[in-house]
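So the structure is just underneath, and the comments pick up after that.
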Amino acid sequence: MSACVPTRTSDSPHTERVHPPHSPPRAPHRRFRVAGADVSASIAVFLIALPLSLGIALATGAPLQAGLVAAAVGGLVAGRLGGSPLQVSGPAAGLTVVTADLIHRYGWRTTCAITVLAGLVQLGLGCLRVARSALAVSPAIVHGMLAGIGVTIAVAQMHIVLGGSPQSAVLDNLRSLPAQLADLHPAAVAVSALTLILLLLWPRLPGRTGRLLRKVPAALVAVTGATATAVFAGLTQPRVELPSWSSHALAGLPEGPVLGLVAAVLTVTLVCSVQSLLGAVAVDKLIAARPGLTAQISRSDLDRELLGQGATNVVSGALGGLPVAGVAVRSAANVQAGAVSRNSTMLHGVLVVVAALLMVPVLELIPLASLAALVMAVGIQMVSLHHIRTVTRHREVPVYAITTLGVVFLGVLEGVTLGIAVAVAVSMHRLARTRITHDEKEGVHHVHVRGQLTFLAVPRLSRALHHVPHGSCVVVELDGSFMDHAAYETLQDWQRTHTAQGGSVELTGRRAATETDTGIGSGSGSEGVVPASSTVQPVNGTADSPLAGCRCRPWTPWRNHQCDAPPPEAPHGGPAAEHRAEPPNDPSDAEPDGRTSAVLPQVAESAVASGPARSAAASAPEPTEPSEQVRQTDTTGPGERTESIGAASAAAATGSGPSGRQLVRGISAFQRNTAPLVRGELARLAREGQQPSQLFLTCADSRLVTSMITSSGPGDLFVVRNVGNLVPPPGEESGDDSVAAAIEYAVDVLKVRSITVCGHSGCGAMQALFDAEPGGVQTPLKRWLRHGLPSLERMADPGRPWARLAGRAAADAVEQLCLTNVVEQLDHLRAYASVSRALRAGELELHGMFFHVGEAQAYLLSEAGEGRGEVFDHVGVADLSA
């Protein structure tokens, strides 16, 4: 076999892409440039930020120029120094109530000084690298805080919308609202109504023209339309007044009681920091939803973001600006407008500076009622129905409600403190609340423990276990995620006593686990604490179960149970060394309630099945009753049972090695967790036969899980896997008939509607093909890889443009060969008679696919046009709506 190293002639248009094999292309010469996408995104953000900054300044009672200062500083300083490149900072609605209260108590200059001190505290916290600890605050507290602030804003701005002036406290505003309704100012009400109508209807404009018009921000359209109407109609009402910059007030020395100032600084620090850090996390999710952007922009550095926000508040306060935090609306607009770097955020700050200096006459035409209506709408939107549904689903309504009411009637710091106290109380209640039931079914005693097993539940646990007759068969079902030392010792001592008296004990839970999870039955001196989301399941109390020796957590099956072999037994029966699995890579992968999102891998793969299986797996609740556990038994007589593979077969495999034990663990987990969810769908498929819609031809690489990356399930795909996802050309001497037979069977018998050839990054077959030396012994692998030689020749042909990924060149020559191989194998497919016939009849489609394993990113082949070759385009979340 010859080593066909792809080369390019000197006059090839791809000369600039040649680089040593397996090395990334040379980095281009770095020079400062601003992408066009950043320019357009900065304009979109500026058009949103300008009216909102003025409206927030109006709502706080600060000089209107303070909002422009904060917006400019937020764009320039936070945009340059912050750890979240695409997050936009500025005066935030979440700080409105705090700032308004500070101005009312201490005056404007002292409020600026408090902003500076809060920035210094943020800098200190950033240096201590405690940013991630802010994410430990319950989302219910954060949502409740924002909802309370939104209610306060809406009630206050209602008075300006009606033509009056707001009071300083929410209760005062509520009491004076009837009198304000009786004394309406028609001009203010008309301008406010027009602003709200435009805000509501503009995003809902229909048709192609509507899509073009919706690119203009609704906030800008609403304020501009209301302003133009007021000017042309000659309405007399208060308007924006921007004093000369020469008289702009800067920060002064703080004046007031020390304790009050300290509380104010802590409040501003808390609200700014939490809102900014949570906003950075939200921006990461928005970036992840944009195909190709994750490769250009790394995840947010939260400590750097806290440092950047601290520096921004120091500068904003010193220059007489409002407190600054990351703003969700502007950040989302920045990402959705196509920004690709922090330049868009900084450019928006430059535009705010230009507007503040050159557009003063235009800004002074804006009616205050229009800005008040805009801010009132923002406040109403802060009371999110989605957040309410979320906290209801996670049973955190008391935390949300107490925080909201506390913020509305007491203040932000007091409300957050109350919310934290309620959240701790709720957590302690859940930890202490444990339900223990005992019943008998078909001669088997079931002790079901729902909740966490702590020392508080030990008396009830002992009482339930005491009612179990000696010598009986017992199943203890642990439906919780934690067991402390007292509960562990109680359960262990009872198990040993019951087994010694001739009984049998089976401990089960939500997953296939081992007695070494807690050391039950092993005689070890372990801590006796079950790891979070972990349960125990020894088989009949034996320590030599094939399920023993693995401490994998519920998320480790996604990692293919890559845990070490069981530790050798110590002379006294205890494990020689503790064996642990790796923790998750990123805590952000967890669901809001703290549970990992991939709890049961076997369920996850079946839960994406089509038809009834998919809906059943997606909606089925976790087993809670003993009858729902997957320990299948067939009663053959009183007290006689025939167990499924979850127990009896597992015990029969104890003589196998670690691989056998791993196999039994996986099968046992399937029988317990997945089989009940897909049994009905598989029974239907068994009756009706397979009717797949696709032939999916891919590599045998163990990292490619076809059902996962295509969200398919039983009966959806007819899969052919081989080394290198190769399709031998038809009629070739000594060809491989297995692939040809699969293609013929899929097209002519199964009548599939599409065939997909899927390559992937890091393909070992392509690496072997690339590194093959000429001559030598013709091993089976070398004989098989000869079907990939046309791909090498296609890649080396200077007359053919290279296949490429959308947005970037291939990382190295092997990745380029992987892409070219997909295109070449599609050509081989077209040469098959059955495929060619179906293509001519319009009954079949061919697709090329490339899956980047490290990025978990799928690409689909599309024809780019004459002379441009084949392009593999991203497939992302945004494409699902198409």
Side-chain angles (χ1 to χ4, degrees), residues 32-58 62-82 85-92 215-228 231 239-250 308 311-313 315-327 329-331 333-334 337-368 370-371 374:
F32 178 76
R33 66 171 62 182
V34 179
D38 283 333
V39 175
S40 59
S42 67
I43 295 174
V45 176
F46 161 72
L47 295 177
I48 297 174
L50 187 64
L52 280 178
S53 300
L54 292 173
I56 292 172
L58 173 67
L64 296 184
Q65 288 172 319
L68 300 177
V69 171
V73 174
L76 293 171
V77 180
R80 181 65 186 89
L81 303 179
L86 299 190
Q87 176 164 247
V88 180
S89 300
K215 293 182 179 180
V216 182
L220 178 68
V221 172
V223 174
T224 302
T227 301
V231 170
R239 302 180 187 274
V240 169
E241 293 184 5
L242 293 176
S244 172
W245 285 103
S246 59
S247 61
H248 179 64
L250 304 179
T312 303
N313 276 312
V315 176
S316 178
L319 295 179
L322 293 170
V324 174
V327 187
V329 176
R330 277 163 263 184
S331 300
N334 192 36
V340 295
S341 72
R342 61 178 71 245
N343 290 333
S344 63
T345 304
M346 298 174 64
L347 280 175
H348 124 268
V350 173
L351 293 175
V352 172
V353 173
V354 172
L357 296 177
L358 303 180
M359 295 178 59
V360 172
V362 177
L363 297 178
E364 289 183 336
L365 297 175
I366 300 175
L368 294 182
S370 178
L371 293 180
L374 174 64

### Query
Taking all atoms of both residues into account, what is the closest heavy-atom pair of V69 and S316, and its distance?
CG1-O, 4.4 Å

### Message
Tell me the closest heavy-atom pair linking V223 and T227, and the distance in Å.
### Response
O-OG1, 2.7 Å

### Task
Answer whether the closest heavy-atom distance between the side chains of L363 and L68 falls below 4.5 Å.
yes

### Query
Would you say S42's side chain and V39's backbone share a donor-acceptor pair under 3.5 angstrom?
yes

### Task
Given side chain to side chain contact (heavy atoms under 4.5 Å, CB included), test L86 with T345 step by step and report yes or no.
CA-CA 7 Å; L86 299 190; T345 304; 5.6 Å; no

## Note on the structure
Taking every heavy atom of A311 against every heavy atom of L81, the minimum-distance pair comes out as CB-CD1, 4.0 Å

### Query
Quick one: does L64's side chain get under 4.5 Å of L58's, heavy atoms only?
yes

### Query
Would a 4.5 Å heavy-atom cut-off, applied to side chains only, mark L371 and I366 as touching?
yes

### Task
Check A222 against S370 and note the closest heavy-atom contact, atom names and distance.
O-OG, 4.3 Å

## Note on the structure
In short, V45 meets R330 closest at the heavy-atom pair CG2-O, 3.9 Å

### Message
Would you say that more than 12 heavy atoms from the other residues, nucleotides or ligands in this model lie under 6.0 Å from the CZ of R80, or not?
### Response
no

#### Entry: Check: S344 side chain, A41 main-chain N or O, donor-acceptor pair, under 3.5 Å
no

### Query
What is the distance from atom CD1 of I48 to atom CD1 of I43, rounded to the nearest 0.5 Å?
12.5 Å

### Task
Calculate, to the nearest 0.5 Å, the distance between atoms CE and CG belonging to M359 and L50 respectively.
6.0 Å

### Message
Tell me whether R239 contacts the main-chain N or O of E364 through its side chain, where contact means a donor paired with an acceptor under 3.5 Å.
### Response
no

### Message
Distance check, rounded to the nearest 0.5 Å: L76 atom CG versus H348 atom NE2?
### Response
8.5 Å

### Heavy-atom closest pair, residues V352 and A71
CG1-CB, 4.0 Å

